Amino acid sequence: MAGSRRALRFVLLLPAILGALLPPAAAAGPPKVSLALYYETLCPYCSRFIVTRLAGIFDSGLIHAVDLLLVPYGNAHVRGANNTISCQHGPDECLLNNVEACAINAWPDLNVHFGFINCVEDLVMNRKREEWKSCFQKQGLDPKPVMECYNSEHGHKLSLKYGKQTDALVPPHKYVPWVVVDGQPLYDDYENFEAYVCKAYKGHPPKICQGLGRDYPIVQQVVEAGTGVTYNSGDFELDEGVEDEIKMVQGDDN
């Protein structure tokens, strides 16, 4: 009986013994800074920003300090009883908005879907947008999940979802690209987004943050005014009954 009690005590103490022997768990790192880009695929300013500015965060190491969200919708509008989507730069933009939404959905890994989107936007910037399918091979990706998505109702639903997310911005976006750092829109200072990220990040700053000391007049004004970005709703699921009525449309050729 005594032996049984000793064995039981050992079993009960085993977790504490193992806990003492194992190294302490690594402390959770500082939270990443949210960085969101609301854009449309054929906007020349958006393409240039993605390719020449945003892509740089992967090489500079700033990616380790940010939680990047891409929202391909921009200045599109949902019109009519059939919930059709009209895009600022016409049907080609609707198609590529849809393709990039499908890429994000098909490949949740940021490194994967950003690589594909960066490839497409580089072609757009160089006036070769009709070659967008070549990005599958260039990035070593299977085209099937994206092709099936954008050719189906699922792709249309994703575009509507991003439309709801964009339209729910408070304050509303005024143009694209619309860059939001740590809940604050940067307005026309969006190209300096790295400096805002560096200021908001609470951890050891990446090397790129050195020498980025500067004033933040726009963000400061937004903070003082209490007009940071929020959403009307945190739920962007599509309403039942709408899903069967979604169609991609001919847009405004502006």
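These numbers come from a predicted model, not from an experiment.
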I'd like to check [X] versus [Y] (side-chain heavy atoms, cut-off strictly below 4.5 Å). Are they in contact?
{"X": "C209", "Y": "L62", "result": "yes"}
{"X": "S134", "Y": "L123", "result": "yes"}
{"X": "V120", "Y": "K133", "result": "no"}

Going only through I, L, V, M, F, W and Y residues with side-chain contacts under 4.5 Å, is there a path from [X] to [Y]?
{"X": "V197", "Y": "L110", "result": "yes"}
{"X": "L141", "Y": "W132", "result": "yes"}
{"X": "L169", "Y": "L186", "result": "yes"}
{"X": "M125", "Y": "L37", "result": "no"}

Do you know which of I63, V66, D67 makes side chain to side chain contact (heavy atoms under 4.5 Å, CB included) with K32? D67
Test side chain to side chain contact (heavy atoms under 4.5 Å, CB included) applied to E121 and R129, E100, R48, the passing residue: E100
Are W178 and Y190 an aromatic pair, judged by ring center distance below 6.0 Å? no
Validation row, ring centre Y39 to ring centre F49 under 6.0 Å: no
Kindly indicate, with the supporting measurements, whether the criterion side chain to side chain donor-acceptor pair (under 3.5 Å) is fulfilled by Y196 and D189. CA-CA 10 Å; Y196 293 89; D189 202 29; 2.4 Å; yes
Trace of the side chain to side chain donor-acceptor pair (under 3.5 Å) decision for N75 with H89: CA-CA 9 Å; N75 296 323; H89 298 96; over 6 Å; no
Step by step, would you call L70 with I104 a side-chain contact (heavy atoms from CB on, under 4.5 Å)? CA-CA 8 Å; L70 302 175; I104 295 169; 4.0 Å; yes
Donor-acceptor pair, Y175 side chain versus D188 backbone, under 3.5 Å? yes
Is a side-chain N or O of S152 found less than 3.5 angstrom from the main chain of C149, in a donor-acceptor match? yes
Just checking, is any N or O donor in the side chain of N97 or T41 under 3.5 Å from an acceptor N or O on the other one? yes
Polar side chain donor-acceptor pair, H113 to N105, under 3.5 angstrom: no
Less than 4.0 angstrom from a charged side-chain N to a carboxylate O is my criterion; do R53 and E194 meet it? yes
So C87 and L95, side-chain contact (heavy atoms from CB on, under 4.5 Å) or not? Walk me through it. CA-CA 9 Å; C87 295; L95 183 149; over 6 Å; no
For side-chain contact (heavy atoms from CB on, under 4.5 Å), just list the numbers for L35 and V179, CA-CA rounded to whole Å, side-chain angles, deciding distance to a tenth of an Å, and then say yes or no. CA-CA 7 Å; L35 170 62; V179 180; 3.8 Å; yes
